[in-house]
Amino acid sequence: MKKQLHIGVVVVALILMCANAAWAKKEKGGGGPQVPPVITAEQAKATVTAALPKLAVGKPYSKTGKQGDIKLEVPLTLENKIVARVRVNPATGEILTKGQRVQIQKLSVTPEQASQAVAGLVKEFQTGAPWLGKQGEWKVPLLYKGAVVSDISVHGQNGTILPDWKASKDATMFGR
């Protein structure tokens, strides 16, 4: 009887631990913005649209993905801060749409060629309809020929364009 009681207590404890972990995950990810934005979607889009002529191409870099595939990326800078990145097909040099992945093991396009390709197309970028990000910032998509190729974040409270910290970190780690 003691053994069955002991097993029962252990089972209940395990169930409670698993349930707490599941509840913690729900609370962590889906809360939405803490403070509603002051800046409207239209204002965020206007900010990025006004910044488009000032966008410059940063130093391109390549990195290896988890499956051994090569990723070629070109950062976009505004006032010497990386604000977005554009992914380029490492085999053909074409701009990839956001979320598009290619499984290529060998780099056929040099980073310099990728940089030149993106530099020639930056002037054709347009802005799309913004959406609200997890931290209350506006995400304004950059469109090339109607397809989303990247996005730029705009602060929801003061309307400034935010740096892309992940792209900045990658550029520092993988740039040569």
Side-chain angles (χ1 to χ4, degrees), residues 21-66 71-90 93-101 111-112 114-176:
W23 289 327
K25 286 181 183 177
K26 284 182 186 177
E27 289 174 9
K28 181 181 177 188
Q34 299 296 326
V35 179
V38 174
I39 304 301
T40 66
E42 293 82 17
Q43 291 170 319
K45 182 176 178 178
T47 299
V48 174
T49 302
L52 285 180
K54 301 174 197 166
L55 281 181
V57 174
K59 188 175 179 183
Y61 57 91
S62 62
K63 60 184 183 176
T64 304
K66 291 179 182 174
K71 298 176 182 184
L72 183 57
E73 299 180 350
V74 179
L76 299 176
T77 63
L78 181 66
E79 299 170 357
N80 294 322
K81 291 185 179 118
I82 296 175
V83 295
R85 66 176 138 193
V86 176
R87 291 200 168 104
V88 177
N89 186 329
E94 296 174 322
I95 289 183
L96 298 172
T97 59
K98 191 167 171 88
Q100 185 178 5
R101 304 285 183 252
E112 292 73 26
S115 179
Q116 290 171 354
V118 173
L121 304 175
V122 167
K123 304 222 180 313
E124 296 180 42
F125 286 168
Q126 296 176 325
T127 54
W131 67 89
L132 204 52
K134 291 180 183 176
Q135 266 66 52
E137 79 282 9
W138 289 106
K139 298 281 196 173
V140 181
L142 294 179
L143 307 175
Y144 175 68
K145 293 186 178 180
V148 177
V149 294
S150 190
D151 59 67
I152 294 181
S153 297
V154 177
H155 196 285
Q157 300 302 309
N158 63 23
T160 58
I161 293 179
L162 298 170
D164 184 334
W165 296 112
K166 288 182 182 177
S168 298
K169 179 182 167 191
D170 284 353
T172 302
M173 287 177 58
F174 301 109
R176 293 179 180 89

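In what follows, every heavy atom counts, from backbone to side chain, and hydrogens, waters and symmetry copies are set aside.
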For the residue pair [X] and [Y], what are the closest heavy atoms and their distance?
| X | Y | value |
| --- | --- | --- |
| R85 | D170 | NH1-OD2, 2.6 Å |
| S115 | P60 | CB-CG, 3.7 Å |
| T40 | Q43 | N-OE1, 2.8 Å |
| K139 | S153 | NZ-OG, 3.1 Å |
| G159 | I39 | N-CG1, 3.5 Å |
| V149 | I95 | CG1-CG2, 3.5 Å |

So do the side chains of [X] and [Y] get within less than 4.5 Å of each other, counting heavy atoms only?
| X | Y | result |
| --- | --- | --- |
| L142 | V48 | yes |
| R87 | Q100 | no |
| L55 | V83 | yes |
| V154 | P130 | no |
| V140 | T49 | no |

Crowded around [X] [atom1]? As in, over 12 foreign heavy atoms under 6.0 Å?
| X | atom1 | value |
| --- | --- | --- |
| E79 | CD | no |
| N158 | CG | yes |
| K81 | NZ | no |

Practice prompt. Indicate the ring-plane relationship of Y144 and F125, choosing parallel, tilted or perpendicular according to the 30° and 60° boundaries.
Written response: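 The arrangement is perpendicular - the two ring planes meet at more than 60°.
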Worksheet item: Do the side chain of S168 and the main chain of D164 share a donor and acceptor less than 3.5 angstrom apart?
Response: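 It does hold such a pair.
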Worksheet item: Checking side chain to side chain contact (heavy atoms under 4.5 Å, CB included) for the pair M173/K63: CA distance, chi angles, key distance, verdict?
Response: CA-CA 9 Å; M173 287 177 58; K63 60 184 183 176; over 6 Å; no
Worksheet entry | Residues that T77 engages under side chain to side chain contact (heavy atoms under 4.5 Å, CB included), provided they are two or more places apart |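 Only A56, I82 meet the side chain to side chain contact (heavy atoms under 4.5 Å, CB included) criterion with T77.
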Item to complete: Could you pull out all residues at least two apart from Q126 that satisfy side-chain hydrogen bond (donor to acceptor under 3.5 Å, both in side chains)?
Response: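 Checked Q126 against side-chain hydrogen bond (donor to acceptor under 3.5 Å, both in side chains); zero matches.
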Practice prompt. Hey, could you give me the OG/NZ distance between S62 and K71, rounded to the nearest 0.5 Å?
Written response: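 It comes to 12.0 Å.
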